[in-house]
Undergrad: 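Sharing a structure here in structure tokens format.
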Amino acid sequence: AFFFLALWFLAQACANTIDWYIDLKNRYLDHRIYAEYIVRGTSHLLELPMSFHKSKKIGDIQHRLQSAADSISSTVTDIIISVLPQFLSIGIALVITSIVNPLLAGLLVLSVAIYISILVKVGPSYTKNLRKMRRAYNRSFGEAYDAVATAQAVKQANAEHYEKKRLYK
């Protein structure tokens, strides 16, 4: 029994080390994807005609760009890359558990199957509600950002006016 416990400990230590290394690389990749998307999106916005900028709220555009960058980088790093080592850990644990106690391994597989079926059922309604929440947040964020940007523009215009007066005395 101690042999299997030592084997499990060694396997988990290896899996955790691999998880840590992949997480480190994952964070680096996440930041690179996010930065690249923001830079390309902003440069594309700068190339658009002025008529586009007159009809769209800058806060809305900025927030959509950041939300899209967050979504893309988190999808790639959190879902695609991070899931692979977790399957490795789960697989190793299931193999060792099935050797030590096959009944417990069967119970684990059954509980995971029930959990996945619940997620599949609840997932679509959760996604729909999350989408509604994000739309409401985007509307309020866009209005708030535009209000702050307008206030900054007014302050800068007033400061410019006072600076011109001061320089021409």
Side-chain angles (χ1 to χ4, degrees), residues 1-46 48 56-148:
F2 288 114
F3 172 74
F4 290 118
L5 186 60
L7 183 65
W8 178 80
F9 179 76
L10 183 63
Q12 284 301 312
C14 290
N16 287 339
T17 304
I18 291 170
D19 283 350
W20 172 79
Y21 179 75
I22 289 175
D23 186 52
L24 207 60
K25 291 291 188 179
N26 216 2
R27 289 173 193 243
Y28 175 73
L29 181 64
D30 181 36
H31 291 302
R32 289 218 27 194
I33 290 171
Y34 184 84
E36 184 70 24
Y37 191 84
I38 292 291
V39 165
R40 286 186 185 206
T42 305
S43 65
H44 176 71
L45 284 174
L46 291 174
L48 293 173
K56 303 289 183 199
K57 290 182 177 182
I58 236 6
D60 245 356
I61 295 168
Q62 188 77 18
H63 185 67
R64 285 183 184 175
L65 190 62
Q66 287 174 347
S67 293
D70 280 339
S71 182
I72 289 170
S73 66
S74 71
T75 299
V76 169
T77 57
D78 294 343
I79 295 173
I80 296 173
I81 296 175
S82 292
V83 169
L84 297 177
Q86 298 307 320
F87 281 126
L88 174 68
S89 295
I90 291 169
I92 290 171
L94 276 177
V95 167
I96 292 175
T97 305
S98 65
I99 291 171
V100 174
N101 190 346
L103 185 61
L104 180 61
L107 185 64
L108 288 174
V109 169
L110 180 66
S111 60
V112 167
I114 291 170
Y115 177 70
I116 289 173
S117 66
I118 291 171
L119 283 180
V120 167
K121 257 190 178 183
V122 173
S125 64
Y126 173 75
T127 306
K128 187 175 92 174
N129 289 333
L130 189 63
R131 196 173 298 128
K132 276 185 190 177
M133 184 183 74
R134 283 188 181 157
R135 281 189 194 130
Y137 178 78
N138 286 345
R139 278 194 307 272
S140 62
F141 181 82
E143 291 169 8
Y145 188 86
D146 283 340
V148 170

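Hydrogens, waters and symmetry mates play no part in the numbers below; they use all other heavy atoms, side chains included.
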Undergrad: What side-chain donor-acceptor pairs closer than 3.5 Å can you find for residues 103-115, not counting sequence neighbours?
TA:
residue: S111; atom: OG; partner: L107; partner atom: O; Å: 3.2
residue: S111; atom: OG; partner: L108; partner atom: O; Å: 2.9

Undergrad: Could I get the full list of salt bridge (charged side-chain N to carboxylate O under 4.0 Å, His left out) partners for R40, not counting sequence neighbours?
TA: E36

Undergrad: Please report the closest heavy-atom contact between T17 and A13, naming both atoms and the distance.
TA: OG1-O, 2.8 Å

Undergrad: Look up atom CZ in F3 and atom CD1 in I99, then write down how far apart they are to the nearest 0.5 Å.
TA: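 Between atom CZ of F3 and atom CD1 of I99 there are 9.0 Å.
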
Undergrad: As an exercise, state the distance from CD1 of I96 to CH2 of W8, rounded to the nearest 0.5 Å.
TA: 8.5 Å

Undergrad: Nearest 0.5 Å, what's the CG-CZ distance between N16 and F9?
TA: 9.0 Å

Undergrad: Without swapping roles, check the side chain of N101 against the backbone of T97 for a donor-acceptor pair under 3.5 Å.
TA: no

Undergrad: Under the side chain to side chain donor-acceptor pair (under 3.5 Å) test, which residues partner Y28, sequence neighbours left out?
TA: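 Checked Y28 against side chain to side chain donor-acceptor pair (under 3.5 Å); matches are R32.
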
Undergrad: By side chain to side chain contact (heavy atoms under 4.5 Å, CB included), which residues pair with T42, not counting sequence neighbours?
TA: I38, L65

Undergrad: Can you tell me how far CG of D30 sits from NZ of K25, rounded to the nearest 0.5 angstrom?
TA: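 The distance works out to 14.5 Å.
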
Undergrad: Working to the nearest 0.5 Å, report the span between CD1 of I116 and NZ of K121.
TA: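 Here the rounded value is 15.0 Å.
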
Undergrad: Could you work out, with side chain to side chain contact (heavy atoms under 4.5 Å, CB included) as the rule, every residue matching L10, not counting sequence neighbours?
TA: none

Undergrad: Going by the rule side chain to side chain contact (heavy atoms under 4.5 Å, CB included), which residues pair with L24 if we only count those two or more places apart in sequence or in a different chain?
TA: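 Partners of L24 under the side chain to side chain contact (heavy atoms under 4.5 Å, CB included) test: W20.
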
